[in-house]
Asks: 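Encoded as structure tokens, here's the structure I'll be asking about.
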Amino acid sequence: MNSSQRTDDRNSRRLSHIRWAIGTPYFVQGTKSLTEIPILFFIKFQLGLDDAGGQLFDALRSIGWMIKPLWGYISDRFALFGYYRKSWYVLMACLAVVFWFLAAIFSYLGITIPLIYFIVFNLAFATYAFVDVVTDAIMVTEGQRLKRVGSLVNFQWLILSIANAGALFLGGWLQNNIEAGAVDPWVVFFLAGIPPLFTALVGIRHIPEKKHPAPPKHTKKLESSARFNQAWPYIRSVPGRLNRFRKNNYTLWLLMLFIFFWKFSPSVGYIERSYLIDVRGFTGQIFGIILSIGGITFFVSILFYRWVVRTFRRTQWYYFLYAMVAIAVLHFPLSFFLYLEPDHPWWQFIYFTLPDAFNPLPAWNRYQWFKLVNGTIFSFAMIPAFLIPLTINGHIVKVSHAAVGYAFLTALANTTNIVEDVVGAGLFKLFSTPSFGWLHIVFQGSIFDIANSLDTRTVILEMFIYISLFFTLLTIPFIELLRRNLKKQGIIILLSKADD
């Protein structure tokens, strides 16, 4: 065996370990969707929060994901038991188990204080975020070394989509049993705590990191003293350092702005689901079926995306993003159908019935079917807008800051999701006040009121559709600025397996 063959074999074995190390946490992240539907009903019925309060709680229960850059800095700079990646990876996975079990214990004891669950859920998700940061740092470092960034990003999200689909279906089934009195809510939280154990075991076995020797004790003391003496000058230098970071990472800032405006739109996700439960007859099992099929669609769309970029290798990344904006605009009218009464004339264009013999879900109403079909098609079409920014970031981030650099962008995406939900909750509460009654009257008397409803909640939800369209259109200039900047720097983004 020649040296080239031995190198290929080593790379193949290393790649196998890397796939285990970066795939398992994403699979476990997918399994946390087991709690997604039960928590929706838990907030609404066990904790007894109203629409705006439930939306706020639902948004802020994931605030632990916002501090990913801090986790990245810790992982890049501070070794734990001689490891920068492995020890943090294993420790945080074990803590996730502890926090989910705590949630199960509180629920078993019948505690319904929102603040307690707010803290426990955030602690659990903070551990997922830390493991995610370490995982992405490994992916960036090894992906750039092996020239497989694009394929490893796709691999991670394929694994996530598989676990997500299965967990959502199981979560809907569990919620159906909770409503029937056959299962208690604490069981869901207990089950959610089991998968992170596998993350810990995989981290011990498969993370390709050598132990770093600890510095002598006297060296540690000298380093501690030096750090203390340099603390104030460092603090004073922060504004200048941030300014240099801004100038030296202009591409990253453009990518951040695109992510922000693409993902940010004052959201009423929880409020819409609450509306569907109250008005359109949605149940936990129905949400489970719809969301799990959406997870399967996510998986299939990633496979389709990979096929497209490998088949049409000359298709540039920005073509995909412009297409995503166009699809979002075309999808805009369909967003109203959940709020239209059955006799609305728009239904005549899309509504039809199937004979019971060919209808797998004859008990479903038109709104449940519409949510399933419309959401499935739209999510299938929109996957490039999710993967392309991650792929670009994987190409431009510096290996020396692999954890904090990659975490910075993904944390922005998570933070944007939280901020848009918080802003959505605030706007919904504001628009619901009597002092904004004039806005309802003006909107109801305009051509923009498609539903023509007297229900205040329906009117406000319609307004949010227009707000979402406005923010989607704001992404266009940032796509163009990012395209020009990458071209100016001579950075070529390879979406296909040509970068392997």
Side-chain angles (χ1 to χ4, degrees), residues 25-50 52-68 70-71 74 88-135 163-164 167-168 170-172 174-175 177-178 183-200 269-270 273-274 284 287 407 410-411 414-415 417-419 421-422 425:
Y26 270 66
F27 183 87
V28 172
Q29 279 188 48
T31 65
K32 74 178 174 60
S33 294
L34 174 74
T35 66
E36 196 66 24
I37 297 167
I39 284 179
L40 165 65
F41 285 81
F42 188 77
I43 294 169
K44 185 174 178 66
F45 296 109
Q46 265 72 45
L47 301 185
L49 298 174
D50 62 12
Q55 169 95 9
L56 192 63
F57 183 97
D58 194 50
L60 296 179
R61 69 182 171 91
S62 300
I63 203 170
W65 289 94
M66 292 178 63
I67 51 179
K68 286 177 69 174
L70 173 62
W71 296 156
I74 291 173
W88 291 115
Y89 182 106
V90 174
L91 173 64
M92 292 299 163
C94 291
L95 287 176
V97 178
V98 173
F99 294 134
W100 280 122
F101 284 0
L102 275 176
I105 292 170
F106 292 140
S107 179
Y108 177 79
L109 295 175
I111 296 172
T112 56
I113 302 172
L115 181 60
I116 290 177
Y117 293 97
F118 173 80
I119 294 171
V120 174
F121 289 157
N122 269 296
L123 289 173
F125 290 132
T127 63
Y128 280 90
F130 206 132
V131 173
D132 183 74
V133 165
V134 176
T135 301
N164 185 61
L168 285 168
L170 180 58
L174 285 169
Q175 179 57 38
N177 281 273
I178 291 172
V183 174
D184 292 324
W186 69 265
V187 174
V188 176
F189 303 139
F190 177 82
L191 292 175
I194 296 175
L197 285 173
F198 294 96
T199 301
Y270 173 87
R273 291 192 293 272
S274 178
F287 276 120
T410 53
N414 294 322
T415 302
N417 288 336
I418 294 171
V419 171
D421 284 340
V422 172

Asks: Applying side-chain contact (heavy atoms from CB on, under 4.5 Å), run through Phe190 and Ser107 and close with a yes or a no.
Replies: CA-CA 10 Å; Phe190 177 82; Ser107 179; over 6 Å; no
Asks: Measure from the side-chain N and O atoms of Asp421 to the backbone N and O of Leu60, and report whether any donor-acceptor pair falls under 3.5 Å.
Replies: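 Flag not set: sc Asp421 to bb Leu60 has no pair under 3.5 Å.
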Asks: For the residue pair Phe41 and Phe45, does the interplanar ring angle fall in the parallel (under 30°), tilted (30 to 60°) or perpendicular (over 60°) class?
Replies: parallel
Asks: Report the distance from atom CG of Asn177 to atom CG of Asp184, rounding to the nearest 0.5 Å.
Replies: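 If I round to the nearest 0.5 Å, the distance is 11.0 Å.
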Asks: Which distance, rounded to the nearest 0.5 Å, do you find between the CD1 of Ile63 and the CZ of Phe118?
Replies: 5.5 Å
Asks: Distance from Arg273 atom CZ to Gln55 atom CD, nearest 0.5 Å?
Replies: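 One gets 8.0 Å once the value is rounded to the nearest 0.5 Å.
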Asks: Which is it for Leu40 and Tyr270 under the side-chain contact (heavy atoms from CB on, under 4.5 Å) test, yes or no, and what are the steps along the way?
Replies: CA-CA 8 Å; Leu40 165 65; Tyr270 173 87; 3.4 Å; yes
Asks: Looking at Phe27, I want to see if its CZ is surrounded by more than 12 non-hydrogen atoms of other residues, nucleotides or ligands under 6.0 Å.
Replies: no
Asks: Begin with the C-alpha distance, continue with both residues' side-chain angles, and end with the deciding distance and a verdict on side-chain contact (heavy atoms from CB on, under 4.5 Å) for Trp100 and Phe121.
Replies: CA-CA 8 Å; Trp100 280 122; Phe121 289 157; 3.9 Å; yes
Asks: Evaluate the criterion side-chain contact (heavy atoms from CB on, under 4.5 Å) for residue pair Phe125 and Lys32; output intermediate values, then yes/no.
Replies: CA-CA 9 Å; Phe125 290 132; Lys32 74 178 174 60; 3.6 Å; yes
Asks: Only one of Pro25, Ser62, Pro196 passes side chain to side chain contact (heavy atoms under 4.5 Å, CB included) with Tyr128; say which it is.
Replies: Pro196
Asks: Atom CD1 of Ile116 and atom CD1 of Ile111: how far apart are they, to the nearest 0.5 Å?
Replies: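 Between atom CD1 of Ile116 and atom CD1 of Ile111 there are 5.0 Å.
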Asks: Nearest 0.5 angstrom please: Arg61 CZ to Ile119 CD1, how far?
Replies: 15.5 Å
Asks: Parallel, tilted or perpendicular: which one describes the rings of Tyr117 and Phe106, with boundaries at 30° and 60°?
Replies: perpendicular
Asks: Is the distance between the ring centroids of Phe42 and Phe189 under 6.0 Å?
Replies: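 Yes, ring centres under 6.0 Å apart.
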Asks: Specify the closest pair of heavy atoms between Ile178 and Pro185, including all atoms of both residues, with the distance to one decimal.
Replies: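 So the two residues come closest at CD1-CA, 3.9 Å.
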